[in-house]
Every structure is written in structure tokens, then in C-alpha cells.
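Worksheet: the structure to be examined is printed underneath.
Note that ligands are numbered from 1 as they come in the structure, with each ligand's atoms numbered from 1 the same way. We count residues from 1, following the sequence as given.
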Amino acid sequence: MSDIRFQQIGRVFTRNGEATAALENIDLHVRDGEFVAIVGPSGCGKTTLMRLAAGLDAPTSGQVLVGGEGVNGPGPDRAVVFQQFALFPWKTVAENIAFGLRCKGLRDAERDAQVAHYVRLMGLQGREDAYPHQLSGGMQQRVAIARSYALEPEVLLMDEPFGALDAQTRTVMQEELLRLCAISPRTVMFITHAVEEAVYLADRVVVMSRQGGSIVADIDVGSTRRLEQWSRHERIEDVMDLPSFVDFRSRVWKLLRDQDFHTIASEMA
Ligand code: ADP
């Protein structure tokens with residue numbers, strides 16, 4: 001496994017000669033095996049932060065370290081799951097999951113075993129030969145997660161992976177992801193708009209500010225709670241009524257609301 005360290009990160013975008021600071025002075029450490037959710041208003045720099053960890057973009061200042069090594073581009077130690085499932089439409093479920101493994105140079109037998117393992121874990125048995133268009137959105141996202149997991153990356157970077165799913169499917173996928181993380185822990189950075197999703201899934205919830213792309217709060221929601229939840233087979237609807245859950249949820253909501261208040265106040269000034 002591996003940790004992710006953002007050190008004094010700044011990212012300035014220049015468009016039509018005008019510079020915008022998407023991120024400023026970000027210091028964040030996602031520890032080995034930790035699940036960190038990033039929440040914040042649209043445009044606060046969440047995706048930019050994740051793209052830096054993925055090596056899909058480079059910071060203007062500071063550096064990102066994964067497992068102590070500077071990030072200089074994408075690598076097999078990091079898998080990315082986007083909201084749009086990004087499956088190959090011309091490949092079957094099994095071929096999609098096997099794709100990265102082929103690139104990794106696994107032998108056929110090893111690859112088939114790995115694909116079968118993750119097909120089973122994500123409940124995709126019987127759908128191995130289906131094409132993405134024959135699957136529901138939820139099923140497609142299962143394939144995307146299975147494909148990322150099959151690569152056995154040390155770090156999983158997820159950008160609103162359940163954002164396009166209906167509420168019911170989303171709940172099932174959240175439970176499935178927790179189960180997968182309990183069986184096979186990974187260092188996870190998970191971007192979401194949904195406060196409840198963040199508190200339910202994460203060990204820590206990082207709240208970003210609307211202005212200037214900085215971190216306004218880093219809340220430890222209990223690193224062992226997540227595994228306990230699963231071991232007790234608690235569903236999100238049960239967990240949501242727990243006093244500790246209600247407390248964390250309202251703390252995060254309040255932080256987000258306060259920022260809206262400050263933004264409106266500064267726009268009116
Ligand atoms: P979020 O994921 O929180 O919605 P983003 O990271 O996508 O936010 O964007 C943060 C800010 O950076 C926004 O103001 C956005 O317009 C700007 N931005 C992001 N990518 C680019 C780009 N490639 N060129 C110019 N501006 C960008």
C-alpha cells in the first residue's frame with residue numbers, strides 16, 4: 001500500500017490571459033490504507049487535486065508524493081474511477097476488466113484467475129460476456145470498479161464515481177465499495193458532492209473552500225468505524241440514524257453552508 005502527500009500545492013490556470021488559482025497552499029496527507037473523502041462546492045478544485053495525484057496534471061507549485069515518490073505522470077500504482085464509467089464499448093465485461101492486466105504483462109491463466117476473482121467480488125457472475133450497452137449504469141460502474149481493483153493498485157482515486165447513478169443503486173454501490181475495501185484495503189481518495197456519502201464511506205472527510213481552493217476542515221470520522229459497520233452488516237439507512245453519524249453530517253453541512261454565507265457576503269460587499 002501507499003500514502004499520498006500533497007505538499008504546498010498550488011495550481012494556477014490561465015485562460016485568455018487571466019490567471020485563476022484553482023488550488024492554493026494545499027497540505028494534505030492521505031495515509032496508507034486510509035479512505036479520505038473530499039467534499040466542497042463545485043469549482044473548489046476537487047477534481048484538480050485528484051488529477052494531480054493521478055499524474056494527469058502537474059502543480060504550478062509544490063509537489064505530490066505517492067509512496068514517497070514524486071508523481072511525474074500516471075502509473076500502475078494508481079487507478080482512477082470517473083463518474084462516467086469510461087468502459088470500452090466494444091469489449092465485453094471480462095475483456096474490460098482484463099484490459100489493464102494485459103498491459104501489465106500477466107500470463108493468460110493468471111489474468112483469467114484475476115478477472116474471475118473480481119467478477120465474483122463485484123457480483124458480475126453471468127455477465128462476463130455482456131457488452132457495456134447491455135448493462136445498467138450500476139452494473140457498468142461495477143465493471144469500472146472491478147477493472148480498477150483488478151489492477152491491484154496501491155491507490156484508488158475516485159471522482160464522483162456514483163454521481164450518475166440513481167439513489168438506490170448508489171446506496172448498493174456504496175455498501176459494495178466498503179465491503180471491497182474491508183476485504184482488500186486500499187488507499188482511497190474519493191471526491192463527492194454528497195455529504196452523507198462522504199461521512200458513510202470515509203475515515204476522514206476533507207472540506208474544501210469555495211474560494212481559493214484551500215482546505216477549511218479535515219474531520220476524522222473514525223478510522224475503525226467503517227470496518228465495524230461492515231462487520232455488523234449495517235446498512236447505510238441504519239448507520240444514518242446513529243447519533244455519531246448525525247453529528248458528523250451536521251458538522252460537514254455547517255462548514256459548507258458557512259462558506260456559502262461568506263461567499264454571498266463578500267459578493268454583496
Ligand atoms: P471541482 O472538481 O471542485 O468542481 P475543478 O477542480 O474542476 O473543481 O476546478 C477548479 C477551478 O479550476 C475552477 O474554477 C475551474 O474552472 C478551473 N479549471 C479546472 N480545470 C481547468 C482548465 N483545464 N483550464 C482552466 N481552468 C480550469
Side-chain angles (χ1 to χ4, degrees), residues 4-30 35-66 71-74 78-86 141 144-145 148 155-165 170 173-174 177 187-199 201-202 204-219 249 251-267:
I4 313 169
R5 203 179 272 279
F6 296 91
Q7 290 179 324
Q8 283 293 298
I9 291 294
R11 178 64 170 104
V12 177
F13 289 107
T14 308
R15 199 188 275 158
N16 303 327
E18 201 177 310
T20 313
L23 298 173
E24 263 183 310
N25 294 330
I26 298 278
D27 278 311
L28 176 66
H29 185 208
V30 181
F35 193 125
V36 171
I38 315 274
V39 299
S42 256
C44 73
K46 303 183 292 295
T47 296
T48 303
L49 195 63
M50 204 204 72
R51 285 174 56 81
L52 295 178
L56 298 170
D57 188 18
T60 319
S61 55
Q63 62 172 349
V64 187
L65 304 171
V66 171
V71 169
N72 294 312
R78 286 153 286 144
V80 188
V81 181
F82 295 104
Q83 178 172 340
Q84 295 311 331
F85 321 117
Q141 195 58 313
I145 292 173
S148 303
V155 169
L156 210 53
L157 302 166
M158 308 183 94
D159 191 354
E160 301 228 29
F162 307 146
L165 305 178
R170 186 171 186 148
M173 290 304 296
Q174 289 163 349
L177 179 61
T187 306
V188 184
M189 197 170 140
F190 187 100
I191 292 175
T192 180
H193 269 103
V195 172
E196 271 162 8
E197 179 169 82
V199 175
L201 292 176
R204 270 162 67 206
V205 177
V206 169
V207 183
M208 290 182 67
S209 114
R210 185 187 290 280
Q211 279 168 330
S214 57
I215 292 173
V216 288
D218 187 338
I219 302 170
R249 181 179 53 194
R251 274 170 63 187
V252 177
W253 266 122
K254 185 168 178 332
L255 285 159
L256 291 172
R257 256 204 318 267
D258 285 352
Q259 286 178 63
D260 280 337
F261 175 76
H262 289 309
T263 308
I264 292 165
S266 65
E267 279 167 2

Checklist line | Partner set under salt bridge (Lys or Arg N to Asp or Glu O under 4.0 Å) for Arg251, not counting sequence neighbours | finding: none

Next item on the list: Step by step, work out the side-chain contact (heavy atoms from CB on, under 4.5 Å) result for Leu157 and Ile191.
Entry: CA-CA 8 Å; Leu157 302 166; Ile191 292 175; over 6 Å; no

Note to self: With no hydrogens and no angle check, just 3.5 Å: does a side-chain donor-acceptor pair link Gln7 and Asp27?
What the structure shows: no

Next item on the list: Examine the side chains of Glu24 and Ser214 and answer whether a donor and an acceptor come within less than 3.5 Å of each other.
Entry: no

Item checked: Per-ligand residue contacts, ligand 1, heavy-atom threshold under 4.0 Å -> Phe13, Arg15, Ala22, Pro41, Ser42, Gly43, Cys44, Gly45, Lys46, Thr47, Thr48

Item checked: By side-chain contact (heavy atoms from CB on, under 4.5 Å) - contacts of Thr60 (at least two apart) -> Arg11, Val12

Item checked: Partner set under salt bridge (Lys or Arg N to Asp or Glu O under 4.0 Å) for Arg51, not counting sequence neighbours -> none

